[in-house]
Amino acid sequence: MLTLRRETDYALQMLKVLNKSKGKVLSLNEISKTTKISFLFLQKIARKLRLAKIIVAHQGVTGGYQLTVEPKKITLLKIVEVMEGKCCILSCLNESKKIDCCDPTKTCDLKNKMKKLNKKILKILDAIKLTDI
């Protein structure tokens, strides 16, 4: 079963709250109260989203976070990859990890078929925008 990690689920919830704020700066305390997600967990999530330039942090008493990208330009694929890394249904499909579970002298039918499925999944995830969620 393909399952998104809790961190990704919470990142989606955080981004939905920021999207609904219509550009208003929200503190992590406000987001935590709205979503019922731990403040400390939100800090970890916010850091990843900030490093990916999806959100920006504002310092000071009225500080907080806001989206840096239009919600219709933020794809589910982007969010998943920021939170979980490259999307691959088989570890041997992740070219950055250089894992090859097959005999290099033979072609792996399973790998070839799963590669096609993986491309379809990526296309679907890329078509879903934050505004669709």
Side-chain angles (χ1 to χ4, degrees):
M1 175 61 123
L2 299 173
T3 306
L4 296 176
R5 294 187 346 223
R6 183 179 308 169
E7 188 178 32
T8 305
D9 173 14
Y10 290 175
L12 288 168
Q13 290 183 49
M14 179 182 182
L15 291 171
K16 280 182 62 172
V17 170
L18 290 172
N19 180 33
K20 287 181 181 178
S21 76
K22 306 284 187 214
K24 182 181 168 194
V25 175
L26 297 179
S27 71
L28 286 184
N29 276 328
E30 292 172 297
I31 298 168
S32 179
K33 287 176 186 173
T34 303
T35 61
K36 308 288 189 253
I37 300 170
S38 154
F39 175 84
L40 295 175
F41 203 10
L42 282 174
Q43 280 184 313
K44 181 180 176 184
I45 293 165
R47 182 179 184 281
K48 286 184 177 184
L49 294 172
R50 187 176 43 80
L51 290 173
K53 298 183 179 11
I54 294 174
I55 62 173
V56 64
H58 297 279
Q59 304 296 320
V61 178
T62 59
Y65 293 88
Q66 71 183 144
L67 296 174
T68 58
V69 182
E70 289 181 53
K72 63 184 176 187
K73 292 184 179 179
I74 301 172
T75 67
L76 184 53
L77 177 63
K78 175 70 173 175
I79 298 164
V80 170
E81 287 185 339
V82 164
M83 301 310 295
E84 301 195 23
K86 190 165 171 60
C87 296
C88 294
I89 56 174
L90 293 177
S91 56
C92 60
L93 293 176
N94 189 343
E95 294 166 3
S96 65
K97 291 192 177 179
K98 306 287 185 223
I99 297 171
D100 199 5
C101 54
C102 307
D103 181 348
T105 61
K106 299 178 183 175
T107 35
C108 177
D109 289 334
L110 177 63
K111 185 175 179 178
N112 290 333
K113 289 178 182 172
M114 292 307 240
K115 194 175 204 174
K116 289 177 185 175
L117 175 61
N118 200 75
K119 283 182 182 181
K120 289 178 183 180
I121 292 170
L122 294 177
K123 188 175 180 179
I124 291 168
L125 292 175
D126 199 41
I128 299 170
K129 311 298 182 207
L130 181 58
T131 52
D132 301 329
I133 300 171

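Side chains included, hydrogens not; waters and symmetry mates left out as well; all remaining heavy atoms used. All residue numbers in this chain count up from 1 along the given sequence. What you see is a predicted model; the values in this text were computed from it and never measured.
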Are side-chain heavy atoms of [X] and [Y] found at a separation under 4.5 Å?
X	Y	answer
Thr34	Leu26	no
Leu15	Ile55	yes
Glu70	Thr131	no
Ile79	Leu125	no
Tyr10	Gln13	yes
Val69	Lys53	no
Thr62	Val25	no

Exercise: identify the closest heavy-atom pair between [X] and [Y]:
X	Y	result
Ala46	Met14	CB-CE, 3.7 Å
Gln66	Leu18	CA-CD2, 4.2 Å
Cys87	Leu77	SG-CD1, 3.8 Å
Val82	Ala52	CG2-CB, 3.5 Å

Checklist outcome for this item: Which of Leu28, Leu49, Leu42 passes side-chain contact (heavy atoms from CB on, under 4.5 Å) with Tyr65? It is Leu28
Item to check | Same apolar cluster (I L V M F W Y, side chains within < 4.5 Å links), Val56/Val17 | outcome: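 No, Val56 and Val17 fall in different hydrophobic clusters.
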Next on the checklist: Would a single hydrophobic cluster contain both Ile37 and Leu40, if residues Ile, Leu, Val, Met, Phe, Trp and Tyr are joined by side-chain heavy-atom contacts under 4.5 Å?
Outcome noted: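 Per the 4.5 Å side-chain linkage, Leu40 and Ile37 are co-clustered.
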Within this structure, what is the [atom1]-[atom2] distance for the pair [X] and [Y], rounded to the nearest 0.5 Å?
X	Y	atom1	atom2	value
Leu117	Asn112	CG	CG	13.0 Å
Gln43	Ser32	CD	OG	10.0 Å
Ile74	Leu12	CD1	CG	10.5 Å
Arg5	Met83	CZ	CE	7.0 Å
Asn29	Phe39	CG	CZ	5.0 Å
Ile31	Ile45	CD1	CD1	10.0 Å

Donor-acceptor under 3.5 Å ([X] side chain, [Y] main chain):
X	Y	result
Glu84	Leu4	no
Thr75	Ile128	no
Asn118	Ile89	yes

Can you confirm whether more than 12 heavy atoms, excluding those of [X], are under 6.0 Å from its [atom1] atom?
X	atom1	value
Lys115	NZ	no
Arg6	CZ	no
Arg47	CZ	no
Lys78	NZ	no

